[in-house]
Amino acid sequence: MDPEVVLAIINIVMAGMFGAVIGSFTNVCIYRIPEHRTIVKGHSMCMTCGHELGALDLVPIFSWLFLGGKCRYCKTPISSRYIKIESLTALMYILMACTHLSMFLDPADPKKNMFQFVVLCALLIMTNIVIVEMMIMKDTGSSMYVMSVALLIDLAVQVLFKVLDPVLSKALGIVSSTEKGAMSILGDLTVQIAVGAAIGFVAVFLAVLFTNNAKNLSRYFSDEKAKALRTSDLFAIVLCGCIGIIPAIVCAVVYLVSRIVIGNGKKVKYLGTYMAAGAAVGYFGYEFIRVFLK
Ligand SMILES: [Zn+2]
């Protein structure tokens with residue numbers, strides 16, 4: 001087998017295992033943070049019989065499957081939430097690894113790899129923070145929830161394009177691999193949207209951190225009054241995804257600075273919406289002038 005393929009498979013499997021472990025830790029966070037308990041120390045135990053759990057009870061995904069979803073000691077059913085979060089996180093990490101294979105396979109370009117790596121880390125950390133927040137707040141209506149679902153779908157689409165690209169190029173009769181097939185252009189587009197959105201996501205997250213304090217982060221997700229702000233933030237993220245990577249960085253910095261300078265008052269409520277509307281007018285205005293007034 002091609003050593004590159006072997007390396008790719010190893011990396012995908014490792015990413016899945018790492019994801020399952022992170023998912024397991026995510027479960028600990030979801031359970032302990034609302035009870036104001038530490039997430040770094042202490043043994044896990046059965047919530048019914050209080051029996052301390054051993055290493056064999058704590059293997060992500062597999063323990064739940066082998067124990068049939070029941071406690072080994074008292075046979076009380078264990079919530080399926082554990083295996084759901086663990087497998088979802090594993091799947092997320094596998095998808096991310098699939099879309100970033102060149103990071104592992106192309107050591108010749110360390111600058112490109114470093115950039116991809118930073119984006120990858122940001123995406124992974126953000127997505128897990130969102131999962132923890134949403135599980136704690138039982139929040140499935142906010143823009144942040146919509147955003148993370150969109151991110152997951154986008155990743156799946158990227159993987160699909162990666163898989164389909166060589167097949168379709170061949171079917172369409174494009175022999176040279178350097179020639180761009182329609183699929184690889186679409187693939188590039190999704191990567192651009194994902195990276196742009198990730199930049200916007202980081203800016204929004206930092207803005208929330210700086211304008212609230214970290215303690216109030218859960219209120220940002222749950223507060224009915226913050227709904228307009230969340231929707232506005234979503235617009236800013238979408239804007240960053242649409243306008244390309246370099247303008248997204250500029251836009252994200254402007255958004256971040258404005259949010260921090262203005263604070264958390266009523267004035268920032270529609271900031272993202274205004275920026276998105278302004279960018280749309282600017283973009284289409286420019287296109288209009290370029291095409292029709294030339
Ligand atoms: Zn038990």
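Excluded from the calculations below are hydrogen atoms, water molecules and symmetry mates; all remaining heavy atoms, backbone and side chain alike, are included. One-based numbering along the sequence shown. Read the numbers this way: they start at 1 and go in the same order the structure lists the ligands and their atoms.
- Connection of Val59 to Tyr82 is not established within any shared hydrophobic cluster, with ILVMFWY side chains joined at heavy-atom distances below 4.5 Å, either directly or through further cluster members.
- In this structure, the separation between CE on Met45 and SG on Cys71 is 12.0 Å, given to the nearest 0.5 Å.
- By the 4.5 Å heavy-atom criterion applied to side chains, Phe66 and Leu56 are not counted as neighbours.
- For the pair SG of Cys49 and SG of Cys74, the angle whose vertex sits at the Zn ion (ligand 1) is 110° to 10 degrees.
- The SG atom of Cys46 and the SG atom of Cys71 subtend an angle of 110° at the Zn ion (ligand 1), given to the nearest 10 degrees.
- Residues meeting the side-chain hydrogen bond (donor to acceptor under 3.5 Å, both in side chains) test with Lys70, sequence neighbours left out: none.
- Inclusion of His51 in the first shell of the Zn ion (ligand 1) is not supported: no N, O or S atom falls under 2.8 Å.
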